[in-house]
Amino acid sequence: MSAAGVKSGNGCIADTPIVVVGACFVDYVAYVDHLPQVGESLRCRSFSKGFGGKGSNQAVCAGRLGASVSMVGAVGTDGDGADYIANFQRNGVQVSNVYRMENTSTGLAMIFVDSTTSHNEIVFSPNATGALTVDYLRKQSDNYNNFFGPKCRYIILQNEIPVETTLDVLKEAHTRGIYTVFNAAPAPSTDEVAVVKPFLSYVSLFCVNEVEASMITGIDVKDTQSAILATEEMQKLGAHSVVTTLGGNGYVIGEKGKPPRHLPSITVKAVDSTGAGDCFVGAMVFYLSMGKSLEESCKRANMIAAISVQRPGTQSSYPTLDELPAEVK
Ligand code: ADP
């Protein structure tokens with residue numbers, strides 16, 4: 001059986017160098033002529049169902065590039081859960097630590113998109129993902145031994161599962177000498193910022209966008225100069241390296257012992273930038289795992305993310321290895 005074909009939640013030790021811990025959300029997207037008013041029942045123009053959750057997007061991005069990657073997360077015993085696991089397997093992501101929780105649904109987001117203005121309204125419900133408490137995850141994974149297998153070298157975390165769980169896994173991974181990547185997305189609340197800050201010294205690579213960098217540092221990140229200042233500040237807070245992404249304006253890298261530097265993005269005609277940040281993170285860690293430097297990994301991740309923004313969809317916009325230009329293969 002291939003690594004990606006392992007049965008979900010079976011208590012096997014993940015045997016991949018990259019492990020992603022995070023959310024599995026199914027997106028129900030309805031395109032409407034206008035956003036519904038109070039009390040209104042509205043027939044949508046068209047509908048699509050997609051797979052999301054930042055951690056899952058990152059794992060799928062790495063898997064499509066050919067990485068050896070495992071997901072740690074939770075889905076329900078409903079049809080969405082089965083669909084999600086099949087989606088991971090199609091994209092080369094190992095699922096032995098994707099748990100199927102009884103009596104709860106798979107996490108989901110209900111999204112209305114106004115077809116004229118592109119404005120949207122989103123209601124999400126973490127469901128199984130919200131039940132990933134420290135106690136649950138430690139119990140399921142033999143105190144994390146099941147996903148910190150002998151091959152594990154990189155762990156990627158975000159801010160979509162309970163924050164206490166993220167921080168507990170982060171600290172444990174750091175203690176075990178694993179390279180920890182913390183993508184603090186979506187932006188932490190003020191209360192979460194206070195809880196997260198003391199843990200930044202356990203972070204090998206802290207990755208944020210402009211909004212997240214502003215929340216963490218209190219600096220209004222709106223241009224290259226403020227991004228450089230915020231990156232420096234996040235390093236002072238204890239993160240070893242920091243990458244601040246700036247959408248079409250590229251990214252800033254802060255590495256220990258070097259002043260932060262800005263690198264430009266690639267000029268492309270973007271049609272849908274949903275999940276670009278996740279694409280960047282998944283690709284960056286894939287290249288790190290291939291032995292590339294942080295600067296080279298970011299340069300390649302930038303190219304991969306630029307491909308993704310030129311296509312509609314989230315995971316479906318992420319390129320596979322055979323679609324890449326020769327210089328990033
Ligand atoms: P997030 O999705 O977390 O908000 P960003 O918008 O900062 O993340 O985008 C992440 C990365 O995706 C950028 O650093 C860049 O590499 C790429 N990217 C995003 N938008 C564009 C764009 N319009 N043109 C080219 N690359 C882009």
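In what follows, residues are counted from 1 in the order of the sequence shown. Atoms within a ligand are numbered from 1 in the order they appear, just like the ligands themselves.
- Rounding to the nearest 0.5 Å places CG of Asn183 at 9.5 Å from CG of Leu205.
- Counting protein heavy atoms only, atom 26 (N) of ligand 1 is closest to Ser265 OG, 3.0 Å.
- A side-chain donor-acceptor contact under 3.5 Å links Gln315 and Asn57.
- The contact set between ligand 1 and Gly277, taken as ligand atoms under 4.0 Å from a residue heavy atom, comprises 1 (P), 2 (O), 3 (O), 8 (O), 10 (C).
- A salt bridge is defined here as a Lys NZ or Arg NE, NH1 or NH2 lying under 4.0 Å from an Asp or Glu carboxylate O, and Arg138 with Glu172 meets this definition.
- The shortest heavy-atom contact between Gly22 and Gln158 is CA-OE1, 3.4 Å.
- From the protein, the heavy atom lying nearest to atom 4 (O) of ligand 1 is Asn209 ND2, 3.0 Å.
- Applying the 4.5 Å side-chain rule to ILVMFWY residues, one finds Leu65, Ile266, Val268, Phe286, Tyr287, Met290, Ile304, Ile307, Val309, Leu321, Leu324, Val328 in the same cluster as Met303.
- Atom 12 (O) of ligand 1 has Ala305 CB, 3.3 Å as its closest protein atom, hydrogens excluded (heavy atom only).
- Residue Gly248 approaches ligand 1 through these ligand atoms, each under 4.0 Å from one of its heavy atoms: 20 (N), 21 (C), 22 (C), 23 (N), 24 (N).
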Audit row: Phe88, Phe51, ring pair (Phe, Tyr, Trp, His ring centres under 6.0 Å) steps and yes/no: CA-CA 10 Å; Phe88 279 134; Phe51 297 100; 8.3 Å; no
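- Of all protein heavy atoms, the one closest to atom 23 (N) of ligand 1 is Ala270 CB, 3.6 Å.
- A salt bridge between Arg300 and Glu295 is absent, with no side-chain N of the basic residue lying under 4.0 Å from a carboxylate O of the acidic one.
- Between Phe199 and Tyr202, the two ring planes are perpendicular [angle over 60°; tilted spans 30° to 60°].
- Using 4.0 Å as the threshold, Ala185 has no heavy atom nearer than that to any atom of ligand 1.
- Contacts with ligand 1 closer than 4.0 Å are made by backbone heavy atoms (N, CA, C, O) of Ile266 only, the side chain lying farther away.
- Shortest contact from atom 24 (N) of ligand 1 to any protein heavy atom: Val268 CG2, 3.6 Å.
- Scanning all protein heavy atoms for the shortest distance to atom 13 (C) of ligand 1 gives Gly247 O, 3.4 Å.
- The backbone and the side chain of Thr245 each have at least one atom closer than 4.0 Å to an atom of ligand 1 (non-hydrogen atoms only).
- If you check which protein heavy atom lies closest to atom 14 (O) of ligand 1, you get Gly250 O, 3.2 Å.
- For residues 192-221, there are no salt bridge (charged side-chain N to carboxylate O under 4.0 Å, His left out) pairs, not counting sequence neighbours.
- Neither the backbone nor the side chain of Thr274 comes within contact range of ligand 1; no heavy atom lies under 4.0 Å.
- For atom 16 (O) of ligand 1, the nearest non-hydrogen atom of the protein is Asn302 OD1, 2.5 Å.
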